[in-house]
Amino acid sequence: MARRKRNNNTIGLNSTGQVAPALAEDAHLDISMLETWLWDAACAIRGATDAPKFKDFILPLVFFKRLSDVFEDEFAAHVREYGDEELARTIVEEDLAHSLKTGSTPIIRFYVPGDYNWRAIRNHGADGRLGEFVTESLREVARLNPDLQGVLDIKDYNERQSGQRTLDDDRLGALIEVLSRHRLGLENAEPDILGRAYEYLLRKFAEGQGQSAGEFYTPKEVGDLIAELIDPVPYSTIYDPACGSGGLLIKARLLYERRHPDERSRAPRLWGQELNPVTFAMAKMNMFLHDYTDSSFAIGDTFRKPGFGPEGSLMQFDYVVANPMWNQDNYDDAFYENDSFNRFCSGTPPRSSADWGWVQHMFASLKDGGRAAVVLDTGAVSRGSGSRSSNREKAIRQAFVEADAIEGVVLLPENLFYNTTAPGIILLLRKGKLEERAGQILLVNASNYFVKEKPKNALTPEGIAAVAEVYQKWETREKLSRIITLDEVREADYNLSPSQFVEINEREKHRPIAEILADLEEARAERERADGELAEMLSKLGLRRIKRRNCLQTGK
């Protein structure tokens, strides 16, 4: 049913000349309300089981609603400042034109024209052109705000498959109506709360997408652990060369802000690169919703064209965090051998797995003293060890060990990740170890720290705290961690799997058969002595021993 159209060119003024609220639903939203509401919106398209299929339609609309509502709030503040709506509009639009021409920062974060704002979208009838109008609106706002290009304008809401609309007007209209229940303005939701709700939505989509979810989402608890392990300092830089939706970067900065609430202006700067255009857009939206507008992102293949640094060289960072795709087979020997950035000097990875190619890229991207925390397939720290045959991954691992560049390995529980049931490890690197840690590697077996949830297990808060503590204190702890020397690594043929060094279960004790038989013979002799003593005592008393009949026996 078509909706009634209204004039969207101005923000309404009430009888006193004050800017009227955009919607009546202007309550302050907490994280629980936001999560429930956003998931309801996702499910409105067809149902909870199908919602992940439409995430590329849903996420830009959530982001656009925030942009539109915040613009209304900021514009209303300018109306109050200048005392006249038309004057405020003229100033804002002239400032926008100047910023587009000169590249200067505009006085309003993101400009959303009245003809294409959320009100216009909501009040457009489901008349067969709603999808076309939504697409037009988002592209126009992206055109007026260059930072949103490639972020807000990537989805065609009128797209067709086999001649049919992927998302017809009725379902699109239903989604818009559910999203219209609440405002997402400056007074309704703080950036960190809204950002957390967005992360929740990403997790819900990941739960329903199976294998493909690993491309854009790393489990929240793994991100929390990595943030604890790097524990960034003020004015530092954090880089993720395979950033997905940006979760690992955001977790690290959120941890800093919790620990330094009065020093947010000194917060780490975030840098990320992502190959997939849709996932890149999700990462940018995630940053904007968290209000991390000082972050920098590049799109493209990090291996073939790193996005940061002068031409022909790599930019270096204080920290690297990453969960690259495991065991990629996209790169051949010629690629590694002809690398112009001199990244792969420790060896050429096999065609079957780029894991140690990623490790070498990340190590080359660290400043002196810099640290990295990289999620990899468990086999990355053990493949090739114990074999007489040559193995490229083992050779590279050996080079890293002998250079004393590996600080630790953390074994994670099984079935945490959405694209595999394998446990995974976190490889900890440091370019220039602390003197007291030189020649040592910390191995942590955290495989028992999980709870079973649906559809995946979850790393427990106790596990996160325990792993972070033994790393910070650099200690061996029974059933959790062990510090080993480089000589021990050599003896293990460069196998760095924590399960080989850290026992987490009680070891079963098996006694020799001869010892068991000797104990049985001693028990038999002791029983015979006791029987003899009892018989002698009964005889002295004039009594005789009565043998009891087995109740299962028959007859006399």
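Just so we're clear, the structure is a prediction, and the values are computed from it rather than from any experiment.
- Closest approach of Ala41 to Val178, counting heavy atoms only: CA-CG1, 3.5 Å.
- Taking the centre of each ring, Tyr319 and Tyr239 stay at or above the 6.0 Å mark.
- The side-chain tip of Arg203 does not point at the ring of Tyr217 from less than 6.0 angstrom away and within 45° of straight on.
- Looking at Asn117, its side chain never comes within 3.5 Å of a backbone N or O of Ser68 through a donor-acceptor pair.
- Taking 4.0 Å as the cut-off between side-chain N and carboxylate O, Arg143 and Asp153 do not count as a salt-bridged pair.
- Side-chain atoms of Val374 and Val321, non-hydrogen and from C-beta on, never get closer than 4.5 Å to each other.
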Exercise for the section: Show the numbers, then the answer: is there a salt bridge (Lys or Arg N to Asp or Glu O under 4.0 Å) between Arg119 and Glu72? Expected result: CA-CA 11 Å; Arg119 291 168 176 270; Glu72 284 194 354; 2.9 Å; yes

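- Aromatic ring centres of Phe308 and Trp271 lie closer together than 6.0 Å.
- A salt bridge links Asp73 with Arg183: at least one charged nitrogen is closer than 4.0 Å to a carboxylate oxygen.
- Shortest non-hydrogen contact noted between Gly223 and Leu248 is CA-CD2, 3.5 Å.
- Ring geometry, Phe57 versus Phe54: the interplanar angle falls from 30° to 60°, so the pair is classed tilted.
- With Phe63 as the aromatic partner, Lys284 does not meet the cation-pi criteria of under 6.0 angstrom to the ring centre and within 45 degrees of the ring axis.
- The main-chain N or O of Leu229 is found under 3.5 Å from a side-chain atom of Arg371 such that the two form a donor-acceptor pair.
- Interatomic distance, Ile193 CD1 to Leu29 CG, rounded to the nearest 0.5 Å: 10.0 Å.
- Side-chain contact check for His290 and Glu199: no donor-acceptor pair (N or O, by modelled atom type) lies under 3.5 Å.
- Across every non-hydrogen atom of Tyr200 and Glu35, the tightest pair is CE2-O, 3.3 Å.
- Between Arg196 and Asp192, no side-chain nitrogen of the basic residue sits less than 4.0 Å from a carboxylate oxygen of the acidic one, so the salt-bridge criterion is not met.
- Side-chain contact, Asp318 with Thr237: a donor N or O sits under 3.5 Å from an acceptor N or O.
- Listed for the Arg171 side chain is no donor-acceptor partner under 3.5 Å among the backbone atoms of Ala44.
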Exercise for the section: Apply side-chain contact (heavy atoms from CB on, under 4.5 Å) to Tyr157 and Phe133, showing your working. Expected result: CA-CA 8 Å; Tyr157 285 79; Phe133 179 72; over 6 Å; no

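- Thr90 places a side-chain N or O within 3.5 Å of a backbone atom of Glu86 that can act as its donor or acceptor partner.
- Below 30°, between 30° and 60°, or above 60°: for His260 and Tyr256 the angle between ring planes is below 30°, a parallel geometry.
- Residues Arg66 and Pro191 come closest through the heavy atom pair NH2-CG, 3.9 Å.
- Scanning both residues, Asp40 and Arg181, for their nearest heavy atoms gives OD2-NH1, 4.3 Å.
- Lys431 forms a cation-pi arrangement with Phe363, by the criterion of a distance under 6.0 Å to the ring centre and an angle within 45° of the ring axis.
- Ion pairing between Arg266 and Glu263 holds under the 4.0 Å rule for side-chain N and carboxylate O.
- Residue Ser245 holds its OG atom at 9.5 Å from NZ of Lys55, rounded to the nearest 0.5 Å.
- No donor-acceptor pair closer than 3.5 Å links the side chain of Gln328 to the backbone N or O of Asn330.
- Below 30°, between 30° and 60°, or above 60°: for Phe335 and Phe344 the angle between ring planes is between 30° and 60°, a tilted geometry.
- The backbone N or O of Pro268 sits less than 3.5 Å from a side-chain atom of Arg253, completing a donor-acceptor pair.
- Side-chain atoms of Asn338 come within 3.5 Å of backbone atoms of Ala334 as a donor-acceptor pair (strictly under, hydrogens ignored).
- Using a 4.0 Å cut-off between charged nitrogen and carboxylate oxygen, Glu228 and Arg259 count as a salt-bridge pair.
- To the nearest 0.5 Å, the span separating CG on Asp224 from OG1 on Thr218 amounts to 11.5 Å.
- A donor and an acceptor atom, one from each side chain of Ser180 and Trp118, are located under 3.5 Å apart.
- In terms of modelled atom types and a separation under 3.5 Å, the side chain of Asn415 and the main chain of Ala422 share no donor-acceptor contact.
- Put simply, SG on Cys243 and CG on Leu249 are 6.5 Å apart, with the number rounded to the nearest 0.5 Å.
- Using a 4.0 Å cut-off between charged side-chain N and carboxylate O, Asp69 and Lys65 make a salt bridge.
- With rounding to the nearest 0.5 angstrom, the CD1 atom of Ile58 is 8.0 Å from the SG atom of Cys43.
- Side-chain polar atoms of Tyr331 and Asp339 form no donor-acceptor pair below 3.5 angstrom.
- Ionic pairing of Arg165 and Glu159 is not present here: no N-O contact between side-chain nitrogen and carboxylate oxygen is shorter than 4.0 angstrom.
- Without hydrogens or angle criteria, His28 side chain to Glu187 main chain gives a donor-acceptor distance under 3.5 Å.
- The shortest non-hydrogen separation linking Phe303 to Ala354 is CE2-CB, 4.1 Å.
- Remark: Arg109 is not positioned above the aromatic ring of Phe71, lacking an NZ or CZ atom under 6.0 angstrom from the ring centre and at most 45 degrees off the axis.
- In terms of modelled atom types and a separation under 3.5 Å, the side chain of Gln316 and the main chain of Ser365 share no donor-acceptor contact.
- Remark: the Glu136 side chain and the Tyr116 side chain contain an N/O donor-acceptor pair separated by less than 3.5 Å.
- Rounding to the nearest 0.5 Å gives a distance of 10.5 Å between NZ of Lys155 and CZ of Arg139.
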